[in-house]
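Order of the sequence lines sets the chain letters (A, B, ...), proteins ahead of strands, with each chain counted from 1.
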There are 2 protein chains.
Amino acid sequence: MAGRGVTIADVAARAGVAASTVSYVLSGKRSISPETADRVMAAVADLGYHPHAGARSLASRRAGVVAMMFPIRDGMHLPVLMQFAAGAVAEARRHDQDVLLMTADEGPAGLARVAASAMVDGLILMDVEVRDPRVETLRRLGLPNVLIGFPADSEGLTCVDLDFTAAGRVCADYLAERGCGEIALLGAAEAVYERRTGFAERVREGFLSRPGLRAEVQPCPNYPTEVQRTVKELLAARPELTGLAVHNEPAVGHVMHALADAGKRVGEDFHVVVIGPDEVAERVHPQLPSVLVPAETLAQTAVRHLMRKLDGRDVPDSTLIEPQLTLR
Amino acid sequence: MAGRGVTIADVAARAGVAASTVSYVLSGKRSISPETADRVMAAVADLGYHPHAGARSLASRRAGVVAMMFPIRDGMHLPVLMQFAAGAVAEARRHDQDVLLMTADEGPAGLARVAASAMVDGLILMDVEVRDPRVETLRRLGLPNVLIGFPADSEGLTCVDLDFTAAGRVCADYLAERGCGEIALLGAAEAVYERRTGFAERVREGFLSRPGLRAEVQPCPNYPTEVQRTVKELLAARPELTGLAVHNEPAVGHVMHALADAGKRVGEDFHVVVIGPDEVAERVHPQLPSVLVPAETLAQTAVRHLMRKLDGRDVPDSTLIEPQLTLR
DNA sequence: TCCGTCCGTCGAAGCGCTTCGATGATCAGG
DNA sequence: CCTGATCATCGAAGCGCTTCGACGGACGGA
């Protein structure tokens, strides 16, 4: 039976050993004879024992919890965030950790609070901005942490991200190879750029970095009619445009529509490449090549790095995941 | 300065009082003279003191954390979930609680674990299914909890939800009033129905409940081309169809397109109503009437109810939020 | 003036766990 | 057969907090 209030003493009594022995069996920090260990484990199972998290954290100075601070803000691409959350929780559980959910509006003070109260052993910060006020706090706090994204000065921090610069470049390259001389990047909503979100800036840089192409970046809202309008205006303003990279997940279907309406034949006289989930690129007609934002992998990597740091092992300062272009 | 390792004893020393006095000042559980209280608060601020969460939970048997179990599953409508999460975290913080993030794949065992380890004081379960294995566990556990959604037997549980049955009915009514005799509900992905998610079933029921209408429910995938195909097939199969309710957020834009392609003039010879966020209904052309799924309100209500339960106050067993049709 | 209250504060116990040092028991080597 | 090392286990201390009972002083009523 599961039990409320089953303590280590109960387990110890039932197994006929001292409480400390139970603790050692469970943590493996001292060698225990197999017979004793078996008896203890049986008692644990019988009683449905789970150590009291507070007591454990008090005694061991380890909470078994990591905090993730999520950006819940304008223009953020929600599905990707959920993938992220799911990946992070799954990986954390594999390391026997739980995840505390924080939102970016708690800001630096929120970080200070969870750190000072020893609620969590480590922190993962998502959607880091180029100048992010939380980063300085993080440095002072000295709590092990991992950032998803790169702030302007990432010296001494552990950062993980897709190499968005490369992703932008890959898209430009793809379009160039298809013979496009004039191309555009249809990006996230304006707000994302204004906020100076790292990934948006990097994609732009990468996209514009290829010499010999006329390229521009066009922010784009997330709603059907506005996507259509944006595309229409873009085509009107740039009649020579023959290549488009779309880094705005919900827009993709509508972009395809607008292109069709404008008489562009995608894959023939016009080329489109997507930065986003595979499904988005697969489930339009015609299917599009795409660069995946590997949210789950990023989340996993971030959590793993954090776990290594918690164990005092070292991790690379920056991990940039190479973008993969999938042709379809 | 923020401080690692600032304890209540440090605060007490600096304020020249006993540790217990500090505790009473902070909790307000005994009366303390204003002068003493001021001195204590000053010391707290100076030292950047935050109580050690583990110690507090051990001594007071209150963790200051609630768990939310999220459905991260096929066909779930992600943006709504994020609104939910954001609303819940914000409200929880207002009550000085933190939120532990769990995913539905942890299942009943996960609930048992967090309960037994006294990690959390309460639980919020989202996306409850008609027959949900977690519900039985929840009953046994005796941890205060609130469900978002209604299981088949909600006896003795606290459940909160939009009245989806009414929402379905409101949509059917709207279409009927516009003179539609044959209508359809374009719903979530098939998987959501198969899983017997409560809200999907209820919308269906409500939608089909109005007498004198030929009505049917059509599950619909979330991707552009499939949405188009589904709509096209539906129109072909039901030439008399003149009204459509769409309960599938990302599909709305594509539905509108497919209708336009089929020569339907929405608002004139054909009517569409949306169940979903305002933006989705506003940002298509023409703007559509819609029933809002008030994710943030639901989350807030759920958290508030949970807080009341934690305080031993009582709460209504079931809270059904009345759907509002917004005409545009 | 004395006693009973009440208020503000203190000290100590104890929440359930981990961890350190100590203790027997066992065993190999001389 | 004794010594020293090694192994398995135990007991006690202590993590930082809350809470209970106690206590001294102020104050009001008789």
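- Looking at Ser60(B), its side chain does come within 3.5 Å of a backbone N or O of Arg56(B) through a donor-acceptor pair.
- With the end axes of the helix from dT1(C)-dA30(D) to dG30(C)-dC1(D) each set by five pairs, the angle from one to the other reads 50° at 10° resolution.
- Residues passing the side-chain contact (heavy atoms from CB on, under 4.5 Å) test with Val120(B), sequence neighbours excluded: Val65(B), Ala67(B), Leu100(B), Val114(B), Leu143(B).
- A search for side-chain contact (heavy atoms from CB on, under 4.5 Å) contacts involving Leu58(B) returns His52(A), Ala55(A), Leu58(A), not counting sequence neighbours.
- Residue pairs meeting the salt bridge (charged side-chain N to carboxylate O under 4.0 Å, His left out) criterion with at least one member in residues 20-40 of chain A, sequence neighbours excluded, do not occur.
- Every residue two or more places apart in sequence or in another chain was checked for a side chain to side chain donor-acceptor pair (under 3.5 Å) with Ser318(A), and none qualifies.
- When each of Leu147(B), Asn145(B), Leu157(B) is tested with Leu125(B) by the rule side chain to side chain contact (heavy atoms under 4.5 Å, CB included), just one qualifies, namely Leu147(B).
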For residues 6-16 of chain A, which side-chain donor-acceptor pairs fall under 3.5 Å, sequence neighbours excluded?
unit_1: Thr7(A); atom_1: OG1; unit_2: Ala9(A); atom_2: N; d: 3.1
unit_1: Thr7(A); atom_1: OG1; unit_2: Asp10(A); atom_2: N; d: 3.4
unit_1: Asp10(A); atom_1: OD2; unit_2: Thr7(A); atom_2: N; d: 2.9
unit_1: Arg14(A); atom_1: NH1; unit_2: Asp46(A); atom_2: OD2; d: 2.4

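- Applying the side-chain hydrogen bond (donor to acceptor under 3.5 Å, both in side chains) test to residues at least two apart or on different chains, the pairs with a partner in residues 88-99 of chain B are Glu106(A)-Arg93(B), Arg113(A)-Asp98(B), Glu91(B)-Arg94(B), Glu91(B)-His95(B), Glu91(B)-Arg304(B).
- Residues from residues 8-22 of chain B with heavy atoms under 4.0 angstrom of DNA chain D, sorted by number: Ile8(B), Ser20(B).
- Thr301(A) meets the side chain to side chain donor-acceptor pair (under 3.5 Å) test with no other residue; sequence neighbours excluded.
- Residue pairs meeting the salt bridge (charged side-chain N to carboxylate O under 4.0 Å, His left out) criterion with at least one partner in residues 310-321 of chain B, sequence neighbours excluded, are Arg62(B)-Asp311(B), Asp311(B)-Arg313(B).
- A distance-only check finds no donor-acceptor pair linking the side chain of Asp163(A) to the backbone of Ile321(A) [under 3.5 Å].
- Within residues 29-40 of chain A, the residues that place at least one heavy atom under 4.0 Å from DNA chain D are, in residue-number order, Arg30(A), Ser31(A), Ile32(A), Ser33(A), Thr36(A).
- Among the protein residues, Ser23(B) comes within range of the nucleic acid bases, having at least one heavy atom under 4.0 Å from a base atom.
- Once you apply a 4.0 Å limit to the heavy atoms of chain A, the touched nucleotides of DNA chain D run 5' to 3' over dA8(D) to dG16(D).
- The closest side-chain donor-acceptor pair between Ser20(B) and Ser23(B), if any, does not fall under 3.5 angstrom.
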